[in-house]
Amino acid sequence: MALRIVLLGPPGAGKGTHAKILSERHNIPHISTGDILRSQIQAQTPLGKKAKSFIDNGKLVPDDLVIEMVAHRLDLPDVKNGFILDGFPRTVEQAKALGEMLTSRKMPLSSVLEFDTSEDVIVSRISGRRACPNCGTNYHVENIPPKREGICDKCGTALIQRKDDKPETIRERLKVYHDQTEPLVQFYDGKKLLRIVNGNLEIAPLQKELALQIGL
Ligand code: AMP
């Protein structure tokens, strides 16, 4: 059965890290709307230009732009065996649009996994997070350090801290999460799709919990 998963949780909860692992293990695409938007910004596309100031200020990119972007992504052939959505949906409007897209493509969701994570853990994960501006690989100075400090293992590029990972922007992103994304917990609970995992766990035990929750 195709695995079609949504990962839900605040920034810094570990969604990206676990999405990458699950994607490699099950050979299904990791669809991160944040990654797609950042690559659009880097390529200076019209979408990237529209999205940049929202992202830099920790705000959500408008629903219509993100929904259209995801609809195109779900039309690519690699989603036929499943997918992991990371960072989408983030509003009830996006969740409703996703529901319609998946119904019309006859691709029902398997589950929505909520990463229940404490604020302390979030702050420590985000402040130590480093990213490769070239290939997008993520690191953490303590939890997932690169082999050579400050240098990407995969492509040798100097790592950076994401502009929106600065303390004042993190505060805004957490507020946006509570105000606009947290209502999705109830939304998906009502659809009997919600599973809660302990986002405070280290990578290996959390992978085990995720495997249990998705029935693998
Ligand atoms: P992320 O990498 O998931 O933390 O996303 C980084 C930023 O991209 C967010 O703070 C938003 O500005 C934007 N973004 C990513 N996904 C969405 C989405 N589903 N809806 C609106 N904005 C998004």
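Every value quoted in this text rests on a predicted model; they were computed, and no experiment measured them. Counting convention: from 1, in listed order, for ligands and their atoms alike.
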Without swapping roles, check the side chain of [X] against the backbone of [Y] for a donor-acceptor pair under 3.5 Å.
X	Y	value
T33	G87	yes
S110	R4	yes
N57	K59	no
R195	E114	no

Within the structure, does [X] bring an N/O atom to less than 3.5 angstrom of an N/O atom in ligand 1?
X	value
T33	yes
D86	no
R173	yes
L37	no
V61	yes

Discussion item. Tell me whether ligand 1 is touched by K15 - counting only heavy atoms on the residue side and a distance under 4.0 Å.
Written reply: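 It does not, in that no heavy atom of K15 comes within the 4.0 Å cut-off of ligand 1.
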Worksheet entry | Cation-pi, F187 ring and K191 (6.0 angstrom, 45 degrees) | yes
Discussion item. For V66, which part has a heavy atom under 4.0 Å from ligand 1: side chain, backbone, both, or neither?
Written reply: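 Near ligand 1, V66 shows its side chain, while the N, CA, C and O stay back.
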Nearest-contact summary for [atom] - protein heavy atom, Å:
atom	result
atom 20 (N) of ligand 1	Q94 NE2, 2.9 Å
atom 12 (O) of ligand 1	K59 O, 2.6 Å
atom 1 (P) of ligand 1	R90 NH2, 3.5 Å

Item to complete: Report the residue from I5, L3, L74, V6 that forms a side-chain contact (heavy atoms from CB on, under 4.5 Å) with F83.
Response: L74
Discussion item. Which of the numbered atoms in ligand 1 are under 4.0 angstrom from any heavy atom belonging to R162?
Written reply: 1 (P), 2 (O), 4 (O), 6 (C)
Worksheet item: So which heavy atom on G48 is nearest to which on I41, and how close?
Response: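 Between these two residues, the closest heavy atoms are O-CG1, 3.5 Å.
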Worksheet item: Closest approach of R125 and G14, non-hydrogen atoms and distance?
Response: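 In terms of heavy atoms, the two residues are closest at NH1-N, 4.1 Å.
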